[in-house]
Amino acid sequence: MSVHPSIGIFDVAEDCLAVGGIPLDRLTERVGTTPFFAYDRRLINSRISNLRSVLPKDVTLSYAVKANPMPALVQHMAGLVDSFDVASAYEMKTALDTVVPPSNISFAGPGKTSQELSQAVAAGVTIEMESAGEAMRIVEAGNRLGIRPRVALRVNPDYQVKGSGMKMGGGSQQFGIDAEEVPALLRHLASADLDFVGFHVFAGSQNLHADILCDALSHNVELLLKLAETCGYPVRYLNLGGGFGIPYFEKDQPLDLVPVGRRLSDLVESAIRPALPDARVVIELGRYLVGESGVYVTRVVDRKVSRGRTYLVVDGGLHHQLAASGNFGQIIRRNYPLIIGNRMGVEDRETVSVVGCLCTPLDLLGENVCLPPAQVGDLVVIFQAGAYGLTASPTAFLGHPMPPEILV
Ligand SMILES: *Cc1c(COP(=O)(O)O)cnc(C)c1O
C-alpha cells in the first residue's frame, strides 16, 4: 500500500509514529491526556529551509498567522521567517510578542474595527487597506493619535486564479479594492497623512498546480507594477501573495516548487528589480509552512459493529479538527490521512470508519479506511493538523474541554 507523502515525513520508532523524535506512546504520557495537537519543529525548520533554497534570495517570506496562531509556534516562526501577516487584533498581539519588528507585521482582512485599526496604528504595523471606508477610518485614527499610519493597499485583481481550494480574489469580493478603483482612491488619499508603502494581492489558497501558481505570480507582478508606476508614491513593498497548497487527499500530488521558484526569479530579475530596485518583495504563506508538521492525536474509546460495518469511536472529533470531517469548505468529503499511531509495524488490515465523540453524523473522521486492527486505548493520528486545525474548529460545540497543543 502506498504511504501518503505527509505521513512519510515523520519518523517511526518501533511500532510508533514519532513526533519531534519522541515515540507517540511516550509523548501521549507526557501530555497526560487525549486528544491533543502536536507540532514538529524539525519538520517546520526543514520545510522552510527547503523553500528558502528554491526562492530567490531577495524574496522575503511572511507567515500568515491565522494558519496556526499557537503562541509558542509563532515564537518559533519568528526565527525562521522575515515577517508576519495577521488578520485580527489578537493575532497582532501574538506577533508583536515576538522579535519581529512591527514594520514587518502586516494586518489584512475585511471588517477591521475602528478599535483594531487604532491598535494597529499605535503599534506601527502595516495595515492592508481593504476598502475606501477603511482607508478613511485609518486616516481618522492616525489624526486622532498623532501618528502617521503605515499602510499598503490590498488589490482585488481583475482575474481569477484557477485550481485554488479557496478563491479570495477576482470578480466581486469582500477582500481588497477592485484593481480599477485603485488609482482614484490613491489620488483621493494623496493629501491624507499616510505612509503608503505599497501593494498586496492574495487571490486564493490551497493550490497544488505549479503552472497555475506561476501564471498567477506573473499576473500579480504585472498588475502591481502597473499600479506602482502610476500611483505617485515610491513603492517599497510588493506582497505577491502565495496560495501554495499541501496534499490533503490520497490522489493529491505535492506542489512542485522548482518551477515556482524559477518563475519568481525571472520575475524579480526581469520585471521587479528594473522598476523597483529596493522594494521588499514578499511571499506570504500559511498552511504550506506549518500544515504538514502537525498531527491531531485521539484515543479509541469504543469499537462497535453496526449491521456489518465496524466503527472506531474516538475521544476527539470535529470540535477540534473540523477540516478532517470535511466541513471546512470542502465540497466533497474525503478522508484526511490517518493511521493507528501505536501500531505502525502491524501488517494486518481491516476496513473501518473512524467517528468522533460528538452526537452528530457530521462527526466522521475517516470513512472506510484501511487500518491495522485497533482496540480501545489505541491512538488514532490524523495528519495535516498543523494549519486550520484547533482555531478553525467549533470548540464550544458539546462543551468538551479544550485539547492541549504542544510544539515538540
Ligand atoms: C489566509 C491567508 C493567507 C494564508 O493562506 P494559506 O492557504 O494558509 O497559505 C495568506 N494571506 C492572506 C491575506 C490570507 O487571508
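Both ligands and their constituent atoms are indexed starting at 1 by order of listing.
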Need the list: ligand 1 N/O atoms against protein N/O atoms, distance under 3.5 Å, rounded to one decimal.
| from | atom 1 | to | atom 2 | distance (Å) |
| --- | --- | --- | --- | --- |
| ligand 1 | 5 (O) | Tyr388 | OH | 3.4 |
| ligand 1 | 7 (O) | Ser205 | OG | 3.4 |
| ligand 1 | 7 (O) | Arg287 | NE | 2.8 |
| ligand 1 | 7 (O) | Arg287 | NH2 | 3.3 |
| ligand 1 | 8 (O) | Arg287 | N | 2.8 |
| ligand 1 | 8 (O) | Tyr388 | OH | 2.6 |
| ligand 1 | 9 (O) | Gly286 | N | 2.9 |
| ligand 1 | 11 (N) | Glu284 | OE1 | 2.5 |
| ligand 1 | 15 (O) | Lys66 | NZ | 2.7 |

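Side-chain contact check for Tyr248 versus Gln330: every heavy-atom pair is 4.5 Å or farther apart.
For Arg273 and Asp58, the salt-bridge test passes: some basic side-chain N is under 4.0 Å from an acidic carboxylate O.
Rounded to the nearest 0.5 Å, atoms CD (Gln206) and CZ (Phe244) are 12.5 Å apart.
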Let's go through Asn156 and Gln173 carefully: what are the C-alpha distance in whole Å and the side-chain angles of both, what is the deciding distance for side chain to side chain donor-acceptor pair (under 3.5 Å) to 0.1 Å, and is it a yes or a no?
CA-CA 7 Å; Asn156 175 30; Gln173 288 288 344; 5.1 Å; no
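A cation-pi contact, defined as under 6.0 Å to the ring centre and within 45° of the axis, links Arg47 to Tyr288.
Taking the six-membered ring where the residue is Trp, Phe196 and Phe199 present perpendicular rings, their angle passing 60° and hence far from 30°.
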